[in-house]
Asker: 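Dumping the structure here so I can ask a few things about it.
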Amino acid sequence: MTGNQQSLALLLFGVFVAGTLGITTWAGRRRHGSPEEFYAGGRLFSPMENGFAIAGDYMSAASFLGISGLIALFGYDGVLYCVGFFVAWLVVLLLVAELVRNCGRFTLADVLAARMRERPVRIAAGVSSVTVCVLYLVAQMVGAGSLVALLLGETGAHARTWTVIGVGTLMVVFVTLGGMRATTWIQIIKAVLLMGGAIALTVLVLVRFQGDIDALLSSAARHSGHGADFLAPGLKYGGDWTARLDFVSLGLALVLGTAGLPHILSRFYTVPTARAARRSVIWSIGLIGGFYLMTIVLGFGAAAVLGTDAVRSSNAAGNTAVPLLALDLGGGAGSTGGTVLFAVVAAVAFATILAVVAGITLASSASVAHDLYASLSRRADRTPRSEVAVARLAAVGIGAAAIGLGLLVQDLNVAFLVGLAFAAAASANLPVLLYSLFWRRFTTRGAVWSVYGGLVPAVVLVVLSPVVSGGPGAIFPGVDFHVFPLENPGLVSVPLGFLAGWIGTVTSGAAVDTAGHAAKHAETEVRALTGAGAA
């Protein structure tokens, strides 16, 4: 990168960071210290505002940097991420959004506690939510490290380390000072910027090929080094049965995981009614669907314009494909147009990371304070203000954990890392959520077993997979203790989560008050479907 490119991009970074800190300060002055204000922004956002915020929360570094990079490296197989991430919203729209808004207040555990014994389900759901959020945060840290390393022309560990630390510090500041109100407005602004940047790049790619999609795909295949195989299934997931099963596992995790992501579920509580929650999802589906269509064009555009080898040489995982594409489309290195476009895209990508990490950190700190702290502390010691104070402290601890893990896995693709977070959410959170909403006999034991029965296998199988050891691309390439052949655990851990919930329920036996359980389920069902008694 030239000095002008670095200076301009850093200037835009500074403008965005200063703007978001201004929003945070403004929101911090308006807060009243209540959990409803800190966790849900006072439930004052409109469906359109919340829909943009959901899209801003969901369209992460994995989408903008990781998926486009995977398409540039693996062609058709990279597109599968777009399909999985988008189709997942049908599950959210049809099964989750309205019911969760009616049943809960701030977190997933609120939905479970409506009909279960509160303490065990809050602890289990809190542990699961924090685990999923930390995994998701790690992916954003890796994206930030790759982006700023490219900007500064530094590929060493030192530059990435300080980048990850800086992003982690900013996300803690956003959450502790501004809460949900500041986080939401940052996400709305980021969604507008990201859509604008993606539209501009997509138009430039199509103009480069005179609007001829066939010419774009043909050029991408020709410059990929794989020929026609680049446009056919199997380049990444078709080598053998293990790779094919890995694809099925990934697809299962992506499609089912969104409905169990804590930071997505928490967004349904920022609107006043369940109908507004559903309309928010419809707004977000339109934005997210359009965005993923554009990432496909950008991924193949990077392969066609830059070539797969150039993308891989800049970053082995493909995380810098879009900024490099912007540089070329603007006129190349050293040109004014290239400098401006590269700087704008890099700043938008950095804005994406900051907005997403703020939302995830807020959701995880809410789980710590509202679920774990509220369950483990004495009732006499708990006040609304003490709970918010614990949430702010939790944001600091979670930020530190995400920074440490982000430094450990900084050479992995961000979309792949998000796939692991989706697998944990689909394994631990979705089964217990669906059982609680739709199964009359579901018990407290079943809920606890379902959470741990999905979460523990998901985490253990990742540790024992080729991602951690056993190959040159692993986190620990020098050792080999992998015994699980798949990179994504969803194919095994998701069914185990459902199975554990069923076994826990049917073995509850006489210890369950059948009449009382039926009454609680009936009350929850009426509340979920009508909104009567909803917060």
Side-chain angles (χ1 to χ4, degrees), residues 39-64 82 84-102 104 106-108 129 132-133 136 140 174-175 179-196 198 254-295 351-364 366 418 421-422 425 429-430 433:
Y39 299 144
R43 310 189 200 281
L44 299 176
F45 294 100
S46 69
M48 184 181 75
E49 291 170 342
N50 198 45
F52 270 83
I54 291 173
D57 215 352
Y58 193 71
M59 296 184 303
S60 65
S63 302
F64 193 49
C82 294
F85 280 136
F86 180 62
V87 170
W89 280 96
L90 297 179
V91 179
V92 177
L93 178 65
L94 298 176
L95 297 179
V96 172
E98 288 185 272
L99 304 183
V100 166
R101 173 62 187 83
N102 283 335
F106 306 124
T107 65
L108 166 67
S129 295
V132 172
C133 286
Y136 210 118
Q140 310 310 311
F174 291 156
V175 172
M180 179 59 84
R181 190 184 297 274
T183 299
T184 299
W185 282 110
I186 291 169
Q187 289 165 344
I188 292 171
I189 294 170
K190 167 257 173 157
V192 173
L193 291 174
L194 185 60
M195 290 297 292
L254 296 182
V255 171
L256 299 181
T258 299
L261 291 175
H263 65 292
I264 296 299
L265 296 176
S266 67
R267 292 238 53 94
F268 300 141
Y269 301 124
T270 63
V271 290
T273 64
R275 182 171 181 267
R278 186 178 183 86
R279 290 173 61 196
S280 298
V281 175
I282 294 173
W283 271 99
S284 64
I285 286 177
L287 294 167
I288 292 167
F291 174 76
Y292 281 127
L293 288 175
M294 290 187 286
T295 61
T352 296
I353 293 167
L354 289 180
V356 172
V357 297
I360 302 169
T361 306
L362 180 61
S364 54
V418 165
F422 272 63
N429 293 347
L430 183 65
L433 182 61

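Throughout, residue positions are numbered sequentially from 1 according to the sequence presented. We use all heavy atoms of the structure for the numbers below, so side chains are in, but hydrogens, waters and symmetry mates are not.
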Asker: Search all heavy atoms of Ala277 against all heavy atoms of Arg101 and return the closest pair with its distance.
Answerer: CB-CB, 4.0 Å
Asker: Using a 4.5 Å cut-off on heavy atoms from C-beta on, say whether the side chain of Glu49 contacts that of Thr184.
Answerer: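 The answer is no; the side chains never approach within 4.5 Å.
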Asker: Taking the six-membered ring for Trp, are Phe52 and Trp283 parallel (under 30°), tilted (30 to 60°) or perpendicular (over 60°)?
Answerer: tilted
Asker: Just wondering, do Ser284 and Tyr58 contact through their side chains at under 4.5 Å, heavy atoms?
Answerer: no
Asker: Check the angle between the aromatic planes of Phe422 and Tyr136 and answer parallel, tilted or perpendicular using the 30° and 60° thresholds.
Answerer: tilted
Asker: Might you point out which heavy atoms bring Lys190 and Ala55 nearest each other, and give the distance in Å?
Answerer: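 Closest heavy-atom pair between Lys190 and Ala55: NZ-O, 4.3 Å.
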Asker: Could you give the distance from CD1 (Ile285) to OG (Ser280), rounded to the nearest 0.5 Å?
Answerer: 11.0 Å
Asker: What distance do Ile54 atom CD1 and Phe45 atom CZ have between them, rounded to the nearest 0.5 Å?
Answerer: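 One finds 11.5 Å between CD1 of Ile54 and CZ of Phe45.
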Asker: What pair of heavy atoms forms the shortest contact from Gly257 to Ala425, and how long is it?
Answerer: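 Closest approach of Gly257 to Ala425: O-CB, 3.6 Å.
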Asker: So do the side chains of Glu98 and Val281 get within less than 4.5 Å of each other, counting heavy atoms only?
Answerer: no
Asker: What's the shortest heavy-atom distance between Pro262 and Val132, and which atoms?
Answerer: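 Scanning both residues, the minimum pair turns out to be CD-CG1, 3.8 Å.
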Asker: Mind checking the CD1-CD1 spacing from Ile264 to Ile360? Nearest 0.5 Å is all I need.
Answerer: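 Ile264 atom CD1 to Ile360 atom CD1 measures 8.5 Å (nearest 0.5 Å).
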Asker: How long is the gap from CG on Asn102 to CZ on Arg275, to the nearest 0.5 Å?
Answerer: 13.5 Å
Asker: Quick one: which of Thr107, Val96, Asn429, Thr258 gives a side-chain contact (heavy atoms from CB on, under 4.5 Å) with Leu265?
Answerer: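 One option only clears the test, and that one is Val96.
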Asker: Partners of Thr361 by side-chain hydrogen bond (donor to acceptor under 3.5 Å, both in side chains), sequence neighbours excluded?
Answerer: none
Asker: With a 4.5 Å cut-off on side-chain heavy atoms, are Leu362 and His263 touching?
Answerer: no
Asker: For residues Gly289 and Phe86, report the shortest heavy-atom separation together with the two atoms involved.
Answerer: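 Distance-wise, the nearest heavy atoms are CA-CE1, 3.3 Å.
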Asker: Within this structure, what is the CG-CE distance for the pair Asn50 and Met48, rounded to the nearest 0.5 Å?
Answerer: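 Here the interatomic distance stands at 11.5 Å.
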Asker: Under a 3.5 Å cutoff, is there a donor and acceptor pairing between the side chains of Arg279 and Ser46?
Answerer: no
Asker: As an exercise, state the distance from CD1 of Ile288 to SG of Cys82, rounded to the nearest 0.5 Å.
Answerer: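 Reported to 0.5 Å precision, the distance equals 12.0 Å.
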Asker: Give me the atom names and distance for the closest heavy-atom approach of Leu254 to Ala88.
Answerer: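 Where Leu254 meets Ala88 most closely, the heavy atoms are O-CB, 3.3 Å.
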